[in-house]
Amino acid sequence: MSGTGQETYADTELAELYRAGMEENFSTLAGILEEIKNNPKDASRAMDQARSIVHNMKGQGTSFGFPLMTRVSDSFYELLKHQAQQNVLHISTPKLYEAHLKALQSILSNEISGEGPEIFQEVAASLKEKVAQIIQ
């Protein structure tokens, strides 16, 4: 680090941009969820749109000190990827989509960096397990 403090400022600025971007992603994903609920017969296009957003979230989480964000985004991505390829919306998908979104929002709003507390690890494991049951 330089004696000017510029790197600290840059890190803070990047973290703020990351948070703002994540909030925007959460808002977009919530809108997509409403679209899926209102038009389940055309869910594959919406799922594909959500998948693209979550793919980026998955890649960024660990880079910004939120590996739990990456872990939850990974199972969310697998759900969306599978569901986008299906002709029929699985009955559990909207609720599981919403659970992933709420978990991600909670991780960010509570600033759960690192692996996080055990309860968050259990939530991540449970979400992954429920996704595995659908995509098998």
Side-chain angles (χ1 to χ4, degrees):
M1 183 163 127
S2 70
T4 65
Q6 288 178 334
E7 288 180 31
T8 302
Y9 176 76
D11 290 346
T12 301
E13 188 176 7
L14 283 174
E16 288 174 12
L17 288 171
Y18 172 72
R19 287 174 106 16
M22 291 301 290
E23 293 295 339
E24 186 177 320
N25 286 340
F26 295 154
S27 178
T28 302
L29 289 169
I32 293 171
L33 176 60
E34 286 307 309
E35 184 180 331
I36 291 165
K37 287 179 178 179
N38 293 332
N39 191 8
K41 291 183 181 182
D42 191 31
S44 64
R45 184 194 60 74
M47 289 288 179
D48 198 44
Q49 181 184 3
R51 182 178 60 89
S52 177
I53 294 167
V54 172
H55 182 268
N56 290 334
M57 291 170 57
K58 180 174 99 162
Q60 295 173 346
T62 300
S63 297
F64 284 92
F66 294 97
L68 192 58
M69 184 79 74
T70 295
R71 188 171 164 200
V72 173
S73 293
D74 184 53
S75 67
F76 196 5
Y77 177 81
E78 291 302 320
L79 171 69
L80 296 167
K81 178 180 164 187
H82 174 77
Q83 196 59 74
Q85 298 168 345
Q86 304 304 307
N87 292 329
V88 178
L89 185 67
H90 188 280
I91 192 165
S92 299
T93 296
K95 287 188 184 235
L96 197 48
Y97 180 121
E98 187 171 19
H100 276 88
L101 183 55
K102 285 182 178 182
L104 291 167
Q105 290 170 317
S106 184
I107 291 165
L108 191 65
S109 67
N110 290 296
E111 298 184 16
I112 308 294
S113 59
E115 293 302 316
E118 187 174 332
I119 187 71
F120 277 89
Q121 292 177 35
E122 290 172 7
V123 167
S126 176
L127 289 170
K128 183 175 181 146
E129 182 180 315
K130 291 183 185 326
V131 168
Q133 292 170 358
I134 290 175
I135 66 175
Q136 290 179 351

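Note that the structure is a prediction, hence the values are computed from the model and not measured.
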L80 with I91, same ILVMFWY side-chain cluster at under 4.5 Å: no
Output all residues satisfying side-chain hydrogen bond (donor to acceptor under 3.5 Å, both in side chains) with Q49, sequence neighbours left out; order by chain, then residue number. none
Quick check: does any side chain N or O of Y97 sit under 3.5 Å from a backbone N or O of L29, one acting as donor and the other as acceptor? yes
Rounding to 0.5 Å, atoms CD (E23) and CD (Q105) come to a distance of 7.5 Å
Looking at residues at least two apart in the chain, or sitting in another chain, which of them share a side-chain contact (heavy atoms from CB on, under 4.5 Å) with S44? none
Over all heavy atoms of both residues, which pair between S73 and V54 is shortest? Give the atoms and the distance, please. O-CG1, 3.3 Å
Rounded to the nearest 0.5 Å, the CG atom of L33 sits from the NE2 atom of H100 at a distance of 12.5 Å
Verify same cluster id: L79, V88 (apolar side-chain graph, 4.5 Å): no
Determine whether more than 12 heavy atoms belonging to other residues, nucleotides or ligands lie under 6.0 Å from atom CG of N38. yes
For a quick test of reading the model, state the closest non-hydrogen atom pair linking A84 to D48 and the distance between them. CB-N, 3.9 Å
Does atom CD of E34 have more than 12 heavy-atom neighbours, drawn from other residues, nucleotides or ligands, at distances under 6.0 Å? yes
What heavy-atom pair brings A124 and L68 nearest, and what distance separates the two atoms? CB-CD1, 4.0 Å
Between S92 and I134, the two heavy atoms sitting closest are CB-CD1, 3.9 Å
Closest contact, heavy atoms only, P94 versus H90: CD-O, 3.6 Å
For Y77, all residues meeting ring pair (Phe, Tyr, Trp, His ring centres under 6.0 Å), sequence neighbours excluded: H55
Contacts satisfying salt bridge (Lys or Arg N to Asp or Glu O under 4.0 Å) that involve residues 125-136 (not counting sequence neighbours) are none
Within this structure, what is the CD1-CD distance for the pair I36 and Q83, rounded to the nearest 0.5 Å? 8.5 Å
Look up atom CD in E35 and atom CG in D42, then write down how far apart they are to the nearest 0.5 Å. 7.5 Å
Would you give the length of the straight line joining atom CZ of F120 to atom CD1 of I107, rounded to the nearest 0.5 angstrom? 6.5 Å
Can any side-chain N or O of T70 pair as donor or acceptor with the backbone N or O of T62 at less than 3.5 Å? yes
Can you check side chain to side chain contact (heavy atoms under 4.5 Å, CB included) on M57 and F66, steps first, answer last? CA-CA 10 Å; M57 291 170 57; F66 294 97; over 6 Å; no
Set of residues satisfying side-chain contact (heavy atoms from CB on, under 4.5 Å) with respect to Q85, sequence neighbours excluded: K81
So F76 and V131, do their side chains get closer than 4.5 Å, heavy atoms only? no
Contacts satisfying salt bridge (Lys or Arg N to Asp or Glu O under 4.0 Å) that involve residues 52-69 (not counting sequence neighbours) are K58-D74
Can you list everything that forms a side-chain contact (heavy atoms from CB on, under 4.5 Å) with S63? Sequence neighbours excluded, please. none
Taking salt bridge (Lys or Arg N to Asp or Glu O under 4.0 Å) as the cut-off, I'd like each qualifying pair that reaches into residues 84-107, sequence neighbours left out, listed once. K37-E98, E98-K102
What heavy-atom pair brings P67 and G114 nearest, and what distance separates the two atoms? CG-O, 3.2 Å
N56: partners by side-chain contact (heavy atoms from CB on, under 4.5 Å), with sequence neighbours left out: none
Applying side-chain hydrogen bond (donor to acceptor under 3.5 Å, both in side chains) to N110 and not counting sequence neighbours gives S106
Quick check for you: to the nearest 0.5 Å, what is the distance between M47 atom CE and I32 atom CD1? 9.5 Å
Going by salt bridge (Lys or Arg N to Asp or Glu O under 4.0 Å), name the pairs with one or both residues in residues 113-122, residues two or more places apart or in two chains. none
Quick one: ring pair (Phe, Tyr, Trp, His ring centres under 6.0 Å) partners of F64, sequence neighbours excluded? Y18
